[in-house]
There are 2 protein chains.
Amino acid sequence: MIKFILLGFLNYGQMTGYDLKQAIDNSTAHFWHAHHSQIYTTLRDMEKEGLVTSQFIKESGQPDRRVYTISEPGKQSLGSWLDQPMTEMSPIKEEFLVRIFFSGQRDPQKVISELLLQRELHQRQRAVYHSILHPIIEKNVEIMPGLAREAEFWHATLQMGIGYEEMYLEWITRTIEKIEGL
Amino acid sequence: MIKFILLGFLNYGQMTGYDLKQAIDNSTAHFWHAHHSQIYTTLRDMEKEGLVTSQFIKESGQPDRRVYTISEPGKQSLGSWLDQPMTEMSPIKEEFLVRIFFSGQRDPQKVISELLLQRELHQRQRAVYHSILHPIIEKNVEIMPGLAREAEFWHATLQMGIGYEEMYLEWITRTIEKIEGL
DNA sequence: TTCCTCATGTAATCAGTTACATGATTAA
DNA sequence: TTAATCATGTAACTGATTACATGAGGAA
């Protein structure tokens with residue numbers, strides 16, 4: 001999966017592993033994240049497979065960089081991945097729900113304070129979407145108007161993020177009320 | 001993680017690996033699933049750690065079964081895991097959003113048909129929550145009224161599932177409209 | 001002088017998936 | 001006779017996380 005994210009970004013232009021990490025952190029990380037260690041090793045593997053090529057650039061003063069470029073087979077691999085539709089839903093792994101599921105015998109006050117903590121985190125995440133990610137997309141379109149169409153799709157994923165956080169926050173409110181009513 | 005799910009169920013009563021698989025499929029699988037292979041190997045590891053004990057029961061006619069029972073250390077492990085609050089949000093891994101994110105250069109009709117396919121799947125999932133999972137909880141409470149309190153928490157996770165699917169379906173509708181408007 | 005950013009990697013480990021493997025009973 | 005359910009396991013592999021490791025430049 002991370003392979004296709006890397007191909008997706010490299011399809012916009014050549015980048016280093018470091019750049020890719022930044023790009024992911026500012027966008028897809030909110031629905032698919034990766035550690036730098038995974039990014040670097042995956043790029044190596046992809047080069048062996050012929051999906052990307054790299055040039056090592058010696059910098060004087062700054063650290064050396066390895067710049068990756070997508071190849072023709074890489075573009076085809078990305079394209080055919082995108083063209084074969086997903087026939088299943090993504091599985092969900094939500095640890096917090098596991099905790100709630102098994103909280104029947106716990107002190108309700110402890111459960112409520114955990115819910116309040118999660119509320120805090122999800123409010124912060126919603127704010128990140130509004131005040132950080134939204135402006136980043138806008139800025140990208142400003143400096144590269146050719147990406148206007150792409151930006152519509154980036155916004156779509158952002159809207160899901162906001163919708164998710166809003167739903168989550170409403171659920172927290174309802175769940176706190178439910179526990180208080182027990 | 002799966003360890004605590006197994007402990008959580010075994011805390012309700014002794015079960016086999018097979019029983020646990022069924023229990024998970026009918027409940028937590030919607031926010032944390034596991035394959036039988038992982039369940040069996042994890043139970044073995046847990047026995048080595050002393051969190052559970054097992055008895056092998058030879059059946060005549062039916063297949064033999066290995067029944068697991070939670071131990072005192074197992075109960076403590078579960079309790080202390082539940083008592084240390086989650087200070088982070090669960091990371092999301094949603095492949096479909098990756099596909100949407102990188103769909104800027106794709107044929108809009110193909111993207112829309114993928115969205116329609118996902119709508120189908122999420123509608124089905126919402127129906128599963130209403131027509132299968134809800135009745136299962138109700139039935140459990142009927143046959144074991146002592147689980148009434150637990151059931152409130154099970155319902156809470158179910159409500160999140162329903163909220164999630166509803167949010168997802170609304171997002172799909174909005175996204176289709178957006179793409180049609182391009 | 002301490003921390004942050006830039007920049008890249010390896011190694012060890014863990015969690016999770018897929019595939020392989022067996023075999024009886026019961027219902028359609 | 002075919003498929004589903006009951007029932008348990010091992011092995012290989014992949015994907016992902018955590019830890020280890022280095023080092024320069026610039027800002028506070």
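In the text below, chain A, chain B and the rest are named by the order of the sequence lines, each starting its count at 1. Since we're looking at a predicted model, the values are computed, not measured.
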Should the heavy atoms of other residues, nucleotides or ligands under 6.0 Å from CD of A:Glu180 be counted, would the total exceed 12?
-> yes

To the nearest Å, how far apart are A:Ile39 CD1 and C:dT10 P?
-> 15 Å

Heavy atoms from other residues, nucleotides or ligands near NZ of B:Lys75 exceed 12 (cutoff 6.0 Å) | no

Sub-6.0 Å ring centroid separation between B:His30 and B:Tyr129 = yes

Salt bridge flag under 4.0 Å for residues A:Glu170 and A:Arg174 | no

Whole Å only: how far is the CZ atom of A:Arg44 from the C1' atom of C:dT10?
-> 10 Å

Ring pair (Phe, Tyr, Trp, His ring centres under 6.0 Å) with B:Tyr164: which residues, sequence neighbours excluded?
-> B:Tyr168

Selection from C:dT8, D:dA7, D:dG9 that lies nearest to any side-chain heavy atom of A:Tyr40 = C:dT8

Under 4.0 Å from any atom of DNA chain C, heavy atoms only: list the residues of residues 8-30 of chain B that qualify, in numerical order.
-> none

Taking for each residue the nucleotide of DNA chain D with the nearest heavy atom, is it B:Thr41 or A:Ile2 whose nucleotide lies nearer the 5' end?
-> B:Thr41

CZ of B:Arg66 versus C1' of D:dT8: gap in Å, rounded?
-> 9 Å

Spacing of B:Lys58 atom NZ relative to C:dA24 atom C1', expressed in whole Å = 15 Å

Is any NZ, NE, NH1 or NH2 atom of the basic residue among A:Glu114 and A:Arg106 found under 4.0 Å from an Asp or Glu carboxylate oxygen of the other?
-> yes

Quickly work out the B:Gln62 CD to D:dT8 P distance and round it to whole Å.
-> 12 Å

Give a yes-or-no answer on whether the side chains of A:Ser90 and B:Glu95 include a donor-acceptor pair shorter than 3.5 Å.
-> no

From the list B:Phe153, B:Trp81, B:Phe31, B:Phe9, ring-ring contact (aromatic ring centres under 6.0 Å, His included) with A:Phe102 holds only for B:Phe9

Using the closest heavy atom to pick a nucleotide of DNA chain C for each, name whichever of A:Asp64 or A:Ser37 lands nearer the 5' end.
-> A:Asp64

Taken to the nearest whole Å, NE2/A:His33 to C1'/D:dT18 is 13 Å

Is it the case that A:Asp19 and A:Thr16 place a side-chain donor and acceptor less than 3.5 Å from each other?
-> yes

With a non-hydrogen cut-off below 4.0 angstrom, is A:Gln38 in contact with a base, only sugar-phosphate, or nothing?
-> base

Roughly how bent is the helix from C:dT1-D:dA28 to C:dA28-D:dT1 end to end, in steps of 10 degrees, with each end axis from five pairs?
-> 40°

Can you tell me how far C1' of D:dT8 sits from CZ of B:Phe56, to the nearest Å?
-> 8 Å

Would you say a side-chain N or O of B:His35 is under 4.0 Å from OP1 or OP2 of C:dT17?
-> yes

Starting at atom NE2 of B:His36, determine the distance to atom P of C:dA19, rounded to an integer number of angstrom.
-> 13 Å

